[in-house]
Q: 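Pasting a structure below so you can have a look.
Numbered from 1 within each chain, the chains take letters A, B, ... in sequence-line order. Quick caveat: nothing in here was measured; it's all calculated off a predicted structure.
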Number of protein chains: 2
Amino acid sequence: MEVRRIEPCCAPITDEALSAEQSQELARAFKVLSDPVRLRLLSLATAAPTGEIRAADLVAPLGRSQPTVSHHLSVLADAGLLLRDQRGREAWFRPVHERLAVLRAALGE
Amino acid sequence: MEVRRIEPCCAPITDEALSAEQSQELARAFKVLSDPVRLRLLSLATAAPTGEIRAADLVAPLGRSQPTVSHHLSVLADAGLLLRDQRGREAWFRPVHERLAVLRAALGE
DNA sequence: CCGACATATCGACGCCTGTCTATATCTGGT
DNA sequence: ACCAGATATAGACAGGCGTCGATATGTCGG
């Protein structure tokens, strides 16, 4: 998916026109959010009481295969929206609120 | 693209987990923003001094064919992010800031 | 009424991406 | 050492989407 770390890239799109490069970078970022499974993973991570989730616990609720869930978690981690914490054979993930804030900021206000 | 009007659909994803339906709806919305041409169109519309843009004036700066630009404008209009104002043979577009705000709100805060 | 302009629609093509099954890798416990 | 559990990787397949050229539709001016 050509995932790239989400970084502050530009003024809010409500303020000034984007360059070709800026729009491409932003589009890549929003593409990460354009899948229902990934959005659900992100919300499950943020809403988790402990603030983190374990990969194995997500397969059943999402109704997708284990490799598919693993794939989406990697996409979110590569984008910097989730932070992977490997503990032995388990993979735990925490949301990175600052990255979400970057995208929110790009939408204006 | 199965575009649908962008509506307030859910609490911020930072607050509580999304349902399958909510995540699908949100994903559809972000998919509209996941293309560089559409992001650029949106920013050009918002940054325009008069607050509106004419379709014909966008072909050259975007470097895409006229049908492609027309297509993307339609996607944005269908999503409710742009408001189409037909004036004779010309099509003018204004940004709908409330729709952008809906997406911003879904990202938290 | 005709030609130039503005936009939308159609059909096709190529690439990208989400999904799966099968398999590999690594870890922890017994 | 072995087995079971957790995760990652590989490969394949199907559907979706951005793009284009060609064409249709509609509008203004002379």
Q: Per the side-chain contact (heavy atoms from CB on, under 4.5 Å) rule, which among Leu33(B), Leu26(B), Leu81(B) passes with Ile6(B)?
A: Leu81(B)

Q: Is Glu7(A) salt-bridged to Arg99(A), going by a charged N under 4.0 Å from an acidic O?
A: yes

Q: May I have the distance from Asp35(A) (atom CG) to dG16(D) (atom P), rounded to whole angstrom?
A: 14 Å

Q: What's the CG-C1' distance between Leu73(B) and dA6(C), to the nearest Å?
A: 13 Å

Q: Taking Arg38(B) for the side chain and His72(B) for the main chain, is one N or O donor matched with an acceptor at less than 3.5 Å?
A: no

Q: Could you verify whether a donor N or O on one side chain and an acceptor N or O on the other, from Ser43(A) and Thr46(A), lie under 3.5 Å apart?
A: no

Q: Say whether, by atom type as modelled, one donor and one acceptor occur between the side chain of Glu25(A) and the main chain of Gln22(A) under 3.5 angstrom.
A: no

Q: What integer distance in Å separates Asp85(B):CG from dT7(C):P?
A: 12 Å

Q: Give the rounded distance in Å between these two atoms: CG of Leu76(B) and C1' of dG18(D).
A: 14 Å

Q: Atom CZ of Phe30(A) and atom P of dC17(D): how far apart are they, to the nearest Å?
A: 18 Å

Q: Need one value for His72(B): base, sugar-phosphate or nothing, where a base atom within 4.0 Å counts as base even if backbone is also close, heavy atoms only.
A: sugar-phosphate

Q: Counting only N and O atoms by type, is there a donor-acceptor contact under 3.5 Å from the side chain of Arg28(B) to the main-chain atoms of Asp35(A)?
A: no

Q: Roughly, in whole Å, what's the span from NZ in Lys31(A) to P in dG16(D)?
A: 16 Å

Q: So which one's nearest nucleotide on DNA chain C is more toward 5', Ser34(A) or Pro67(A)?
A: Ser34(A)

Q: Separation of Arg28(A) atom CZ from dC16(C) atom C1', in whole Å?
A: 14 Å

Q: Tell me, for nucleotides 2-7 of chain D in 5' to 3' order, what letter each nucleotide earns: B for a base near a protein heavy atom under 4.0 Å, S for only sugar-phosphate near one, - for neither?
A: --BBSB

Q: Can you measure Arg87(A) atom CZ to dG29(C) atom P for me and round it to whole angstrom units?
A: 15 Å

Q: Answer yes or no: is there an ion pair linking Arg84(B) with Glu52(B), defined by an N-O contact shorter than 4.0 Å?
A: no

Q: Would you indicate, yes or no, if dG18(C) has its OP1 or OP2 atom less than 4.0 angstrom from a side-chain nitrogen or oxygen of His71(A)?
A: yes

Q: Side-chain N or O of Thr68(B) less than 4.0 angstrom from OP1 or OP2 on dC20(D)?
A: yes

Q: Base, sugar-phosphate, or nothing for Arg38(B), non-hydrogen atoms under 4.0 angstrom?
A: sugar-phosphate

